[in-house]
Amino acid sequence: MRYLLLSLVYFVTIKTFSKEVVQQERVQKFKWKNLEVVYLKDNQYPTYNVSIYFADGALSDNRRRTGETSQMFSLLTSGTRRFSQKDILENLEFFGTKYGSNVTHEYSVFSVSGLTKDIVPTMKKVCHLFQDTTFSRRILSREKHLSISKLKSIVNNRGSLATRAFREISLKGTPYEKPVNGKLKGIRKIKRRDLVRKLDYFNNKVLKRIYLSGSKDVLHLKKIFLNDCGWGSEKAKFVRSKKFNKTLRKKPQVTLVVIPQANQAQIRIGRYINPGESNDIEKLKLSSEILGGRGLTSLMMSELRVKRGLIYSGGGNASKQKDYGRVVLSTYTRNEKVIEVLDVLEDLLFKAKTGRLDKIHFERSKKAVIGAYPFKFERTDDFLGRLLFYDHIGKSYSEFFNSREKIKRLSYDSIKPDLKRVFDWDKMEIVILGSGKILKKILKKKFKKVRVISYKNYL
Amino acid sequence: MRLQFLVYFLFLLLFSCQSFKKRSIPSSSLVNINVKKKVLSNGLRVLVIENPNVPIFSYYTFFDVGGRYERKGTTGGTHFLEHMMFKGSKNYPQGVFDTFIESSGGSTNAYTSFDSTVYYENLPSEVVDKVISMEADRLQNLLLIPESVEKERSVIREERKLRYENSPRGKLYLTMMQNVFKKTPYGGSVIGSIADLEALTVENLSSFYKTFYTPDNAIIVIAGDVDASDIFEKVEDSFGSIKPSQGLENYKKRKDHPRNYRLLNKKSKNIKIYGSNTKPIFVMAYNGVPITNREGFVLDILSSILGDGESSYYRKMFVKTKKPFLSSVGTWNYTLKHGGVFYISGELLPGVSLNKFKRKLLRANRNLCNRAITERSLQKTKNQYLVKYFDNISSNDGVAHFIGLRELFFGDYRFYKKELKIYQNMKLDAVKRACHKIINKSHIFLSIWNKHRKRKK
């Protein structure tokens, strides 16, 4: 029955997607002086989206002041010489503007969206912030206090804490090890002058790219970006690039991160992907779709939740940024079931490595990725974000638009090397976050050596 | 559940003058959401919003059943049944539904609240026929295999831990509901008590299913690259022969009688809960109003003025201030079919005394209505709602959910136009009056903290 249904799905997806071909024609690329602009026309609603891409991110942080870049961007609304923080927030929010930053290790994005009728005063204000934010000591002190308090509260959110600890453990020794929003020690050391310097650096040295969507009215922003923001200089051309090769493990390392009073264990399994390993985005995507992709039909969910009722949710992902990648499988379960979950995952990864996964999982995942393709174009901000990412990793838009066709041509044999390489159990870091008392004993049943570390080391 | 999408059509009328070059949507949809509706003879309501932009669609099914219809001893049954709806039906056994949707590149999920159970899928448009067929099958032929039930019980136990036992905010929220809505159908958790979750039987689930999963108790909303007349025909073919409920309307009238929802709180209360968090998290809760009550719209505006955004009143007073008390604060107006709760919630910073903060909050609330509610803050909120409205209807999923909620709660999807007028005409005095009324009511102050005493089980 399942084969019949899959065949049915295969045949109905052969239909031409001429509507998405139209999407390619919406993309316009041009320059405002030295500022690259990508514009997506969208007249559906009287709204706009602006994303300002900066070709640098948390990798520019001083190693003693982790979180510097993230703090700088989030404090752009903290006040200028002309306007107080209250005035700025009141003004932006009066227009219903949504704004915010997203800082990664490799790049940063500052996004603004709202009603098109308000785009000019809003973007003038945004440019003013980039030009004149003073990072007052009083406000910085308060915001640091708030950041530190929020970070300490992360112990109430076990999933986030596990993800944070796992990052540091699995990327140890790489430039990407420390969390983007910083560690307690680093945040405390950030001073006003550091942020002023950082803003100056991003304004004047770092390459920028503007991504716009909306009616043609958004193109009036040219003067604002060039004059009010003062961007467009040919000097602003720095692009962060940091290739790092990490020696891969020969046996999995197991770390128990201890928190008080936990009746569930968070599980993270994964590793760093070196530059040059698995450069094919589509193969990597398909590999992670098979193991930990969407819904209840990924191998992880079907084995752990559907067949055994061991978990409520879980997933896996293998993906690459420009210079590095990561593979992460994550889930959580009750303490006494941790070994069973790990056994199932080890078995799955072994089958992936040795090419013994049932081909039906490959077929299902392939069709899933092909079928999901049109959704990339439904929301303009999402579409724009994907173009931004392809620019960041240095791939052409044709690769993005042709990704579905490429996936159609992939065979199970062609992705076996990626499955083998990326999902090798022996190369993995395994992090369990939970109660020390109970889990120490439980984990010793499967692993000879288990490192035990307090969660506080990862704040 | 608070209505997520609140409409400000005042500005839509302004924008209707612009000439938008649409990709292929007719310009009339700028001002209206173009919905086509059909009601089958068995009472099933079907609403379709055509959007040919991208070859995808969203399919929503709303059932008028939630935690509020559960009997004593079977709390969590509706939610459990929601899980079981993905476990196979006669013509599409376990695994087939998910496999088809996910291998088509789609996604599927559901949620249960006190007032409704909602199922949804997002898929490429070629497979709409199959989805209609599968949905019709699970509406009438759900399998409820005992082995699957036991596995799912295990899954729901973990979900419960995630949402309540391991979440201080979850515990706090649950305690708030138990106290504000004490001895009413809303005074518990949708996921059910631990005892009831362990005791639910296949027979309980089957009984819920047969009683409430009927065509006259359902609304289907489909938005996307579909043809409405084609959809109506296919839905008629697949669902038309399913029999409507018997006696459900009378049952609902009895269960929904206002006497079952009378709120008992007359005096202010202070409740302390033990939790693992090292800094206190609080909720100050007031009796609110039901979703159909006009005042609910006013309270929505009030809660946004007080707690939405970095420039909101409480944020400025307690977070973005010279000496902050809180690391986070927000306000919510949670309106349900037969009641509501208006609440403020936040987390204290280290070293801030809980008692001192509570006194400060009460003092601040005495002058709140005059200080916080101004023409500017009212206009700001209207602007924010308009932006949210466009954001929410910019996807098939968003617009289907938006329209379905209005059809479910107000009996007419076109109610969003009335909402327009209500918000458009919202006056400063009305918001101030509502503010004075609510702030002067008795309240329940709840806090959760690892320094509060553990209650004996």
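Letters A, B, ... mirror the listed sequences (proteins, then strands); counts begin at 1. It should be emphasised that the depicted structure is a prediction, and the values quoted were computed from it without experimental measurement.
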With a 4.0 Å cut-off, would you call [X] and [Y] a salt bridge?
X        : Y        : result
B:Glu158 : A:Arg334 : yes
A:Lys367 : B:Glu102 : no
A:Glu90  : B:Lys380 : yes

Most contacts with chain B, counted as non-hydrogen pairs under 4.5 angstrom, among A:Thr77, A:Asn157, A:Leu89: A:Leu89
Winner by heavy-atom pair count (cut-off under 4.5 Å) against chain B, out of A:Ile88, A:Leu92, A:Leu146: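 So the answer, after comparing A:Ile88, A:Leu92, A:Leu146, is A:Leu146.
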Side-chain H-bond candidate by donor/acceptor type, [X] with [Y], under 3.5 Å:
X        : Y        : result
A:Ser153 : B:Glu347 : yes
A:Tyr312 : B:Arg160 : no
B:Ser311 : A:Lys86  : no

[atom1]/[X] to [atom2]/[Y] distance, rounded to the nearest 0.5 angstrom?
X        : Y        : atom1 : atom2 : result
B:Ser107 : A:Phe375 : OG    : CZ    : 6.0 Å
B:Ser327 : A:Lys150 : OG    : NZ    : 6.5 Å
A:Glu93  : B:Thr381 : CD    : OG1   : 10.0 Å
A:Asp118 : B:Asn383 : CG    : CG    : 7.0 Å
B:Gln94  : A:Lys307 : CD    : NZ    : 11.0 Å

Closest-packed option against chain A by number of heavy-atom pairs under 4.5 Å, given B:Lys161, B:Lys322, B:Lys323: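 Maximum pair count with chain A is reached by B:Lys161.
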Chain A interface, residue from B:Asp391, B:Ile56, B:Val387, B:Asp98 that has the most non-hydrogen pairs under 4.5 Å: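 Looking at each of B:Asp391, B:Ile56, B:Val387, B:Asp98 in turn, B:Ile56 comes out on top.
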Chain A contact via B:Lys320 - side chain, backbone, both or neither, heavy atoms under 4.5 Å: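 Both backbone and side chain.
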Under 3.5 Å: donor-acceptor pair, side chain of A:Ser149, backbone of B:Leu349: no
Exercise: identify the closest heavy-atom pair between B:Val319 and A:Arg142: O-CD, 3.6 Å
Residue pair A:Glu378 / B:Asp397: nearest heavy atoms and the distance that separates them: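 Here A:Glu378 and B:Asp397 meet closest at OE2-N, 4.3 Å.
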Close side-chain approach of B:Lys151 to A:Arg305, heavy-atom, < 4.5 Å: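 B:Lys151 does not reach A:Arg305 side chain to side chain.
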Residue part contacting chain B, namely of A:Lys152, when any heavy atom lies under 4.5 Å: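 Both backbone and side chain.
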